[in-house]
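Some notes on the structure that comes next.
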Amino acid sequence: MRPRPGGRRGRRGRRRALLRMGGILDYGIEDAEDGAACDRNVAGFLAAVDVAAKLPPGSASVCIKITALCPIALLEKTSDLLRWQHKNPSVHLPWKQHAFPILSDSSPLYLTPSEPAALTAEEERELQLAHDRLLAVGARCAEHGIPLLVDAEYASVQPSIDYFTFVGALACNGGGRPIVHGTVQAYLRDARDRLEAMVRAAEEERVCLGVKIVRGAYLTREARLAESLGVPSPIHGSIQDTHDCYNGCAAFLLERVRRGSASVMLATHNVESGQLAAARAQELGIGKGDRNLQFAQLMGMADGLSLGLRNAGFQVSKYLPYGPVEHIIPYLIRRAEENRGLLSASAFDRQLLRKELVRRFKNAVMGRE
């Protein structure tokens, strides 16, 4: 008798298929307070790269957060200065290195209402140390051909994060090898404007741009901050606007993948977005084995989407967060918040979730699946 798709053999087959996907090693450390913490964190990221290097070629990526490599207070101050310079282009920032554009006129510049103080000599030294930490991780990744995914974070420090990321990309993405990937959060109103600006700059520099697209995971924090300042939220006004932005950014980047000028990771748990991107990739003739197009989901979430894309021949990776529990729990809570619209997203999503809940209930109560 043939096994039922939802039976034990079917589940074993699903697990085997998941094991054939790539893995994104996500050492979930963030929000360092001082240089000593940053030095400890960079050692953890380098260790993750070394682990990835021992895995089969092309099977692993590494994810990092800039807030783990540079003290938070310095990132906030640097972001203020970058926003002020965007408002006043004549302002000179002696520490600023060449990078792609990081802000647009639609960015939340209200976070810097007045001219901030310049960096002190000690702060400039610490900023350079943070650059060195990122470049050390980037160089180790480049040595082994491992993609480095730099997470986006909250708006108060995002300009500095993008600045660090793009300096790293210019240093590591030469020779057509997309190593350093920045992240664009589609729930931000300025997402498309910034994406188009960075793509134009990368093409002018003849550098292969690496980009990860996500919906975003700091919605509550951003909304509360904007409300406290009495200004409009930087987040789109509806979930549908965010979906439209995500899908539009994905389609825009797929054109660049076809041209060979970009490497893109589409991180999404939304079935419709995955289907739209996969269909568009096929229309553009992007080879399913092209490693410049990757899909990604968190381990344990949207496995149906992951399996569907993988079975269709696309490159798929699962995020594998690990680290101290006090850091990992906030990360997972943000993922849950980011995906709280899952129940209303589609009938397919609800069906998959219902089946998984039933499976877990049976396993917990009756000791079987």
Side-chain angles (χ1 to χ4, degrees), residues 25-49 62-86 93-103 107-108 111-112 116-142 148-173 179-185 194 198 210 212 217-218 221 225 323-324 326-327 330-331 334:
L25 303 184
D26 187 3
Y27 182 45
I29 297 294
E30 57 189 351
D31 292 0
E33 295 293 335
D34 54 37
C38 294
D39 289 336
R40 291 193 298 271
N41 295 340
V42 75
F45 291 133
L46 289 170
V49 178
V62 171
C63 182
I64 66 171
K65 289 181 170 62
I66 298 298
T67 56
L69 298 178
C70 183
I72 285 291
L74 182 56
L75 285 174
E76 291 173 343
K77 188 171 182 179
T78 305
S79 292
D80 273 337
L81 287 163
L82 290 167
R83 280 188 289 262
W84 189 253
Q85 187 188 54
H86 186 84
L93 303 177
W95 45 266
K96 186 179 178 182
Q97 301 180 39
H98 180 54
F100 301 143
I102 56 177
L103 291 161
S107 297
L111 293 172
T112 309
L119 296 186
T120 65
E122 177 59 25
E123 287 171 332
E124 288 192 22
R125 188 187 72 84
E126 185 60 55
L127 192 69
Q128 184 58 54
L129 289 174
H131 275 294
D132 294 343
R133 295 182 189 109
L134 174 61
L135 293 178
V137 180
R140 187 77 62 90
C141 284
L148 179 63
L149 312 173
V150 181
D151 269 351
E153 301 185 59
Y154 35 93
S156 61
V157 295
Q158 191 59 46
S160 291
I161 291 171
D162 287 338
Y163 166 66
F164 272 95
T165 302
F166 298 144
V167 170
L170 287 168
C172 300
N173 290 16
I179 298 297
V180 178
H181 292 61
T183 300
V184 172
Q185 300 182 102
R194 290 189 297 109
M198 67 179 73
K212 173 164 64 88
Y218 297 89
R221 179 179 183 136
L225 177 59
E326 65 268 20
H327 291 278
Y331 174 98
R334 288 198 299 272

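All heavy atoms count here, side chains included; hydrogens, waters and symmetry mates do not.
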Task: Euclidean distance, T112 OG1 relative to L103 CG, rounded to 0.5 Å - done: 9.0 Å

TODO: State, yes or no, whether a side-chain contact exists between P159 and H86 at a heavy-atom distance under 4.5 Å.
DONE: no

Open item on the list: One pair to check against side chain to side chain contact (heavy atoms under 4.5 Å, CB included): L82 and L93. What are the steps and the verdict?
Closed with: CA-CA 8 Å; L82 290 167; L93 303 177; 4.1 Å; yes

Open item on the list: Do the side chains of R133 and E126 get close enough for a salt bridge, i.e. N-O under 4.0 angstrom?
Closed with: yes

Task: Expected output: side-chain Q158 to main-chain E153 donor-acceptor under 3.5 Å - done: yes

Task: Contact summary for T165 and G182, nearest pair of heavy atoms - done: CG2-CA, 3.5 Å

TODO: Please tell me if the side chains of V184 and M198 come closer than 4.5 Å, counting only heavy atoms from C-beta onward.
DONE: yes

Open item on the list: Please give me the minimum heavy-atom distance between T183 and V150, naming the atom from each residue.
Closed with: OG1-O, 2.6 Å

Task: Nearest atoms (heavy-atom pairs only) where Y218 meets Q185 - done: CD1-OE1, 3.8 Å

- [ ] Please examine the side chains of C38 and P71, heavy atoms only from C-beta on, and report whether any two atoms are closer than 4.5 Å.
- [x] yes

Task: Residue pair L225, L111: steps toward the side chain to side chain contact (heavy atoms under 4.5 Å, CB included) verdict - done: CA-CA 9 Å; L225 177 59; L111 293 172; 3.7 Å; yes

Task: Closest heavy-atom pair and its distance - C141, V49 - done: SG-CG2, 3.6 Å

- [ ] Answer yes or no: is there a donor N or O on one side and an acceptor on the other, between the side chain of Y27 and the main chain of V62, under 3.5 Å?
- [x] no

Task: Euclidean distance, L75 CG relative to C70 SG, rounded to 0.5 Å - done: 4.0 Å

Task: Side chain proximity check, D162 to R194, heavy atoms < 4.5 angstrom - done: yes

Task: Gap separating the OG1 atom of T120 from the NZ atom of K77, nearest 0.5 angstrom - done: 5.5 Å

Task: Shortest non-hydrogen contact between L46 and A136, atoms and distance - done: CD2-O, 3.8 Å

TODO: Indicate the ring-plane relationship of F166 and F100, choosing parallel, tilted or perpendicular according to the 30° and 60° boundaries.
DONE: tilted

Open item on the list: Under a 4.0 Å threshold between the charged nitrogen and the carboxylate oxygen, would D31 count as salt-bridged to K65?
Closed with: no

Open item on the list: Quick check for you: to the nearest 0.5 Å, what is the distance between L74 atom CG and S160 atom OG?
Closed with: 7.5 Å

Task: Distance (rounded to the nearest 0.5 Å) between D34 CG and D39 CG - done: 9.0 Å

Task: ring-ring contact (aromatic ring centres under 6.0 Å, His included) partners of F164, counting only residues at least two apart - done: H131

Task: Separation between OH of Y163 and CD1 of I66, rounded to the nearest 0.5 Å - done: 11.5 Å

- [ ] Identify whether the distance between the nearest side-chain nitrogen and carboxylate oxygen of R83 and D80 falls below 4.0 Å.
- [x] yes

Task: Min side-chain heavy-atom separation W95-L81 under 4.5 Å - done: yes

Open item on the list: With heavy-atom distances below 4.5 Å as the criterion, would you say the side chains of L134 and I64 are in contact?
Closed with: yes

- [ ] Would you confirm whether T67, through its side chain, and E30, through its main-chain N or O, come within 3.5 Å as a donor-acceptor pair?
- [x] no

Task: Qualifying residues under side chain to side chain contact (heavy atoms under 4.5 Å, CB included), relative to A121, sequence neighbours excluded - done: none

Open item on the list: Show the nearest heavy-atom pair for residues D151 and I161, with the distance to one decimal.
Closed with: O-CG2, 3.6 Å

